[in-house]
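Everything below concerns the one structure shown next.
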Amino acid sequence: MPELPEVETVRRGLEPAMVGTRLIGVDQRRPDLRFPFPENFARRLAGRRVEALGRRAKYLLADLDDAQVLVMHLGMSGSFRIEASARGALPGAIGQAAAKNAAHDHVAFDLSTGARIVYNDPRRFGYMLLIARAELASHPLFKTIGLEPLGNELDGAALAARFAGKTTSLKAALLDQSLIAGLGNIYVCEALHRAGLSPRRAADSLARKDGTPSERAHVLARVIREVLEEAVAAGGSSLRDHRQTNGALGYFQHSFRVYDREGFACQKPGCGGTVKRIVQSGRATFFCGSCQR
DNA sequence: AGCCGATCCTGGATGC
DNA sequence: TGCATCCAGGATCGGC
């Protein structure tokens, strides 16, 4: 489910509820998600104060007052919701939708404010880890992570340099978290369409023969940032599971130009092409065969 | 070294 | 209606 915009939406929702509060109790309802929870997970979190809530790539990072970081990944179907109090249920349709899914509520954090934050994940591809802050950067999960697209790292030159010598497709390279972080299937398809680049084009074609970045590289870097920022502003894309922490749906799915739009007309003015669906390394790719070259 | 397919898991959509 | 099949926003692993 969650690519960078969805994770960032969740972060912005959780931040005001969590930062500065203490974790009074942690209700861990099963031994594992994708991986086993850390040893004594609930006990190690109890009483800790949350100092900051950050994001790197698709990871949420809660800085704790004991120099540990609670690392959370939402996998394909993970979501957080905030309940106003430990006992209280949310009113109306949002509350009902949450209650219906309660079988997949795997962790709940009770905060010193009385709020409760619940992690729900039907497919259980998500996970939570505790890592010492000093060891975070050298941790296997983080030391190989690529460019952060919303930071200052991403520009055409950096992208072309990362992709230099890669014989794989642009689609596969953009999905590779060790090259550029945070993109998933949706935003790769959308960015390539906006850039007018074929997903089948070789990744190293972003650089000229002399190694300098081509115009394509600059355009692609710009539209990646653009589509991610627009999606964050829309609260992410809600296809199945993604919700904002207040239960509301994101609405960027209404702005898709190619993703899941096989057979529809290309929306680029004057193009006249049709959106196609192909499979690349086992995953659906949506693109316009006319204007993406 | 680097790429591809299989795999973890559940639920929704589709087809017979 | 029921059952089987396929597909899904991710990322790791083994095999080649």
Side-chain angles (χ1 to χ4, degrees), chain A residues 1-11 29-37 55-60 71-80 97-98 100-106 119-129 139-146 149 162-192 199-200 202-204 227-228 231-232 234-244 249-256 258-263 277-286:
Chain A
M1 142 216 314
E3 306 181 32
L4 187 153
E6 290 73 39
V7 177
E8 179 61 20
T9 294
V10 169
R11 191 198 69 76
R29 300 186 187 166
R30 52 175 300 127
D32 55 26
L33 293 170
R34 180 181 183 126
F35 307 121
F37 279 94
R55 177 193 58 74
R56 174 78 169 105
K58 300 172 191 171
Y59 295 92
L60 289 169
V71 176
M72 297 170 281
H73 194 291
L74 304 177
M76 288 279 269
S77 60
S79 65
F80 282 96
K100 177 180 148 192
N101 235 353
H104 300 299
D105 289 349
H106 303 309
Y119 179 70
N120 181 283
D121 187 355
R123 295 176 71 179
R124 304 202 303 274
F125 286 174
Y127 47 94
M128 297 188 188
L129 304 171
H139 190 278
L141 283 177
F142 291 95
K143 70 178 178 190
T144 56
I145 288 184
R162 288 273 182 164
F163 285 16
K166 299 286 175 193
T167 57
T168 193
S169 65
L170 263 185
K171 169 77 188 300
L174 290 168
L175 281 176
D176 185 338
Q177 303 297 299
S178 72
L179 298 175
I180 178 169
L183 296 175
N185 213 24
I186 292 176
Y187 299 105
V188 168
C189 292
E190 293 297 315
L192 286 172
R200 297 190 270 213
D204 69 359
V227 72
L228 293 177
V232 170
S237 301
S238 291
L239 299 186
R240 295 167 192 78
D241 303 296
H242 170 66
R243 287 180 179 258
Q244 302 183 52
L249 298 172
Y251 54 89
F252 192 74
Q253 66 277 13
H254 303 303
S255 300
F256 291 169
V258 288
Y259 185 82
D260 203 20
R261 294 184 55 80
E262 182 183 16
R277 180 187 189 275
I278 61 173
V279 175
Q280 290 178 288
S281 45
R283 315 212 37 205
T285 296
F286 299 90

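Naming convention: chains lettered A, B, ... in sequence-line order (proteins, then strands); numbering from 1 in each chain.
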Exercise for review: Look at all strands and tell whether A:L141 reaches a base, only sugar-phosphate, or nothing, counting heavy atoms closer than 4.0 Å.
Suggested key: sugar-phosphate
Exercise for review: Kindly write out the residues that satisfy side chain to side chain contact (heavy atoms under 4.5 Å, CB included) with A:A173, not counting sequence neighbours, or none if the list is empty.
Suggested key: A:F163, A:T168, A:L179, A:A203
Revision key, fill the gap. Ranking B:dT10, C:dG10, B:dC3 by distance to the side chain of A:T167, first place goes to B:dC3
Point to revise | P-based separation of C:dC7 from B:dG5 [nearest Å] | key: 14 Å
Check your understanding: Just how far, in rounded Å, is P of B:dC3 from CG of A:L174?
Key -> 13 Å
Point to revise | Stacking check A:F125 vs C:dG10 (5.5 Å / 30 deg) | key: yes
Check your understanding: Looking at A:H104, does any N or O in its side chain come under 4.0 Å of the phosphate oxygens OP1/OP2 on B:dG11?
Key -> yes
Exercise for review: Send over the distance from A:Y59 OH to C:dA11 P, rounded to a whole Å.
Suggested key: 6 Å
Exercise for review: Could you tell me the separation between the CG atom of A:L239 and the P atom of C:dG10, rounded to a whole number of Å?
Suggested key: 10 Å
Exercise for review: Pick base, sugar-phosphate or nothing for A:A172, based on heavy-atom distances below 4.0 Å to the nucleic acid.
Suggested key: nothing
Check your understanding: Is any side-chain nitrogen or oxygen of A:K58 closer than 4.0 Å to OP1 or OP2 of C:dA11?
Key -> yes
Check your understanding: Which dot-bracket string describes DNA chain C (Watson-Crick N1-N3 plus N6-O4 or O6-N4, or G-U N1-O2 and O6-N3, all under 3.5 Å; [ ] crossing; | other strand)?
Key -> .|||||||.|||||||
Review point. Separation of A:D260 atom CG from C:dC7 atom C1', in whole Å?
Key: 10 Å
**Study point:** Which residues share a side-chain hydrogen bond (donor to acceptor under 3.5 Å, both in side chains) with A:R56, sequence neighbours left out
**Key:** A:E148
Practice item. Looking only at side-chain atoms of A:R277, point me to the closest of C:dA11, C:dC7, B:dC4. Key: C:dC7
Study note, to complete from the structure: Among B:dC3, B:dT10, B:dC4, the one nearest any side-chain atom of A:S281 is B:dC4
Practice item. Tell me what A:Y187 touches on the nucleic acid: a base, only sugar-phosphate, or nothing, going by heavy atoms under 4.0 Å. Key: nothing
Check your understanding: Sub-3.5 Å donor-acceptor pair from the side chain of A:D121 to the main-chain atoms of A:H106, do we have one?
Key -> no
Check your understanding: With a 4.0 Å cut-off on heavy atoms, is A:R34 in touch with a base, just the backbone sugar-phosphate, or nothing at all?
Key -> base
Practice item. Write down the distance separating the C1' atoms in C:dC6 and B:dA6, rounded off to the nearest Å. Key: 16 Å
Point to revise | Sole residue of A:Q253, A:H254, A:E6 in side chain to side chain contact (heavy atoms under 4.5 Å, CB included) with A:S238 | key: A:Q253
Exercise for review: Please state how far atom CG in A:D241 lies from atom P in B:dG12, giving the value in whole angstrom units.
Suggested key: 9 Å
Point to revise | OP1 or OP2 of B:dG5 under 4.0 Å from side-chain N/O of A:R283 | key: no
Revision key, fill the gap. Applying salt bridge (charged side-chain N to carboxylate O under 4.0 Å, His left out) to A:R30 and not counting sequence neighbours gives A:D32
Review point. Can you list the residues that meet the salt bridge (charged side-chain N to carboxylate O under 4.0 Å, His left out) rule with A:R277, with sequence neighbours excluded?
Key: none
Practice item. Check if the side chain of A:R123 and the base of C:dA8 share a donor-acceptor pair of N or O atoms closer than 3.5 Å. Key: yes
Exercise for review: Return the nearest nucleotide to the side chain of A:P2; candidates are C:dT12, B:dC4, C:dG10.
Suggested key: C:dG10
**Study point:** Counterpart residues, side-chain hydrogen bond (donor to acceptor under 3.5 Å, both in side chains), relative to A:Y259 (two or more places apart)
**Key:** none
Exercise for review: For this output row, return yes or no: ring centroids of A:Y59 and A:F142 closer than 6.0 angstrom.
Suggested key: yes
Point to revise | Nearest-neighbour nucleotide for the A:T168 side chain, C:dA11, B:dC3, B:dT10 considered | key: B:dC3
